[in-house]
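Read through the structure below, which is laid out as structure tokens, and then see the notes.
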Amino acid sequence: MAQTISPPVADATVALDVELKDVVKTFGDETAVQGLNLQIRQGEFFSILGPSGCGKTTTLRMIAGFETLTSGQLTIQGQCMNGVPAHRRSVNTVFQSYALFDHMSVWDNVAFGLKIKKVPKAELRQQVGEALTLVQMESFARRFPSQLSGGQRQRVALARALVNHPAVMLLDEPLGALDLKLRKQMQVELSNLHKRLGITFIMVTHDQEEALSLSDRIAVMKDGCIEQVGSPNEIYEHPSTAFVADFIGDTNLLSGQIQQQPLTLVTSNGLQVAISPSSTDVSKLNGIESIDISIRPEKIHISAQAGAAKPATHDNCYPGEVKHTLYTGPHIHCIIELTTGEQLRVLQPNHMAYRPGTPVHVSWASPDCQVLV
Ligand code: ATP
């Protein structure tokens, strides 16, 4: 197991905004969430990431108050929320579908919640104006949702949530309906908004790149359980399970028997891979015979001959052949088949083109092997 996995427990010196203790949610025979424990700090941008059906939205909906807990406890700012209705919680949700009222202007959409609460007119005008300014939509106040682009509609949905001054913003795939370019632009805006407001954002997404680029911490979920909680760097560089390594970005997984002194993985084909004891908690390997390791494609170097231009730190070096290449613009993905039979994915800059069939050597440094027990 990798050494630097952060525990799923928040720093005791930072106040908690949201805490889930042993939370279970079942729908009939279906268990959507199984014994979830999460601690989300005040002011944190926290993402819940995982494949379709893993229980992300159900978790968010329980925090919002749209679903009840089957068992366990939910606390928001130190107050137990079990049984507290959604409108009594200091949270607001932004949905992928925006959920705007089509027959109301932008202004009326944002003002809606305040009108229900019978906020005095002058105060309402000021708060709606401020919320629209925050998302740079003040000049669109008279338009209707049908007269706005997807990105503008999402900004109105954000303003409508922010106008209530929630302690916690819940974002359910907030950028899921936008095309890639607009999505990237809105990611920057969302991040700026979070920094300016300083409130807690909890976002559900299945887009790992979005989670990595926006979040302070990420919880990776699988089958209703948390697989790992950590900073984007910890999750990417030190995945604790094969599922996390594979789900977050591209990776190469190798399985085999472990040999101690020097620490080595030996695959069933006889490939011997050096593992650095410095990047692994060696005590966790006592008594363990077989392990998986993960090596990120960008950590692997290709050279035409053994040793040619190979970084000096690369203590793993093997002969192979280029099998396939895939051009993706800035990068080329190469599949290299080693002479022992294993296939590795390698990410190359797009000016380093190797033709399929070219004999090559691949190399990487032993600290780049992440051990997954
Ligand atoms: P997606 O990314 O596809 O939205 P998700 O990770 O958000 O998926 P959830 O929507 O939380 O997943 O669903 C988790 C599981 O609970 C799924 O198997 C789903 O079918 C089930 N589920 C969710 N809501 C209900 C419901 N109201 N009734 C019955 N089953 C439900």
Side-chain angles (χ1 to χ4, degrees), residues 8 18-40 44-74 76 81-87 89 91-100 150 153-154 157-158 161 168-180 183 186-187 190 200-215 217-230 232 235 239-249:
V18 177
E19 190 170 12
L20 289 94
K21 274 190 200 158
D22 303 323
V23 169
V24 174
K25 178 67 189 176
T26 54
F27 296 102
D29 294 342
E30 170 104 29
T31 302
V33 170
Q34 318 194 27
L36 207 69
N37 285 291
L38 266 186
Q39 294 186 318
I40 301 172
E44 178 166 52
F45 198 131
F46 191 93
S47 293
I48 304 174
L49 178 68
S52 183
C54 71
K56 310 179 290 290
T57 302
T58 303
T59 302
L60 200 77
R61 287 173 61 80
M62 286 191 284
I63 300 172
F66 302 140
E67 297 287 359
T68 56
L69 281 65
T70 304
S71 64
Q73 194 185 42
L74 167 72
I76 298 180
M81 288 292 126
N82 294 33
V84 175
H87 67 274
R89 301 184 183 196
V91 301
N92 262 104
T93 310
V94 175
F95 301 96
Q96 176 179 344
S97 60
Y98 321 129
L100 297 177
R153 269 181 241 177
Q154 193 52 285
L158 282 166
V168 181
M169 277 277 276
L170 304 176
L171 305 145
D172 190 0
E173 299 268 4
L175 311 180
L178 307 178
D179 67 47
L180 190 64
R183 194 174 175 131
M186 285 296 290
Q187 284 173 4
L190 206 55
T200 307
F201 277 30
I202 306 177
M203 180 176 78
V204 155
T205 181
H206 62 260
D207 182 332
Q208 28 122 346
E209 211 179 296
E210 189 161 286
L212 289 173
S213 59
L214 290 176
S215 319
R217 286 192 309 150
I218 300 170
V220 182
M221 282 186 77
K222 180 192 170 203
D223 298 336
C225 299
I226 301 274
E227 283 275 303
Q228 187 174 356
V229 179
I235 295 272
S240 59
T241 65
F243 174 81
V244 175
D246 205 28
F247 187 72
I248 310 285

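Note that ligands are numbered from 1 as they come in the structure, with each ligand's atoms numbered from 1 the same way.
The main-chain N or O of Asp207 is found under 3.5 Å from a side-chain atom of Thr205 such that the two form a donor-acceptor pair. Judged by distance alone, the side chain of Gln208 and the main-chain N or O of Leu49 form no donor-acceptor pair under 3.5 Å. Side-chain N or O atoms of Gln34 include one that pairs as donor or acceptor with a backbone N or O of Asp223 at under 3.5 Å. A donor-acceptor distance shorter than 3.5 angstrom exists from the side chain of Lys25 to the backbone of Thr68, with no hydrogens or angles considered. Under the 3.5 Å distance criterion, the side-chain polar atoms of Arg153 are left unmatched by any main-chain donor or acceptor of Leu100. Looking at Lys56, its side chain does come within 3.5 Å of a backbone N or O of Pro51 through a donor-acceptor pair.
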Identify all pairs of nitrogen or oxygen atoms, one from ligand 1 and one from the protein, separated by less than 3.5 Å, and list them with distances.
| from | atom 1 | to | atom 2 | distance (Å) |
| --- | --- | --- | --- | --- |
| ligand 1 | 2 (O) | Lys56 | NZ | 2.8 |
| ligand 1 | 3 (O) | Ser52 | OG | 2.6 |
| ligand 1 | 6 (O) | Gly53 | N | 3.4 |
| ligand 1 | 6 (O) | Cys54 | N | 3.0 |
| ligand 1 | 6 (O) | Gly55 | N | 3.0 |
| ligand 1 | 6 (O) | Lys56 | N | 3.1 |
| ligand 1 | 6 (O) | Lys56 | NZ | 3.0 |
| ligand 1 | 7 (O) | Thr57 | N | 2.9 |
| ligand 1 | 7 (O) | Thr57 | OG1 | 2.6 |
| ligand 1 | 8 (O) | Gly53 | N | 2.7 |
| ligand 1 | 11 (O) | Thr58 | N | 2.9 |
| ligand 1 | 11 (O) | Thr58 | OG1 | 2.5 |
| ligand 1 | 12 (O) | Gly55 | N | 3.4 |
| ligand 1 | 18 (O) | Glu30 | OE2 | 2.7 |

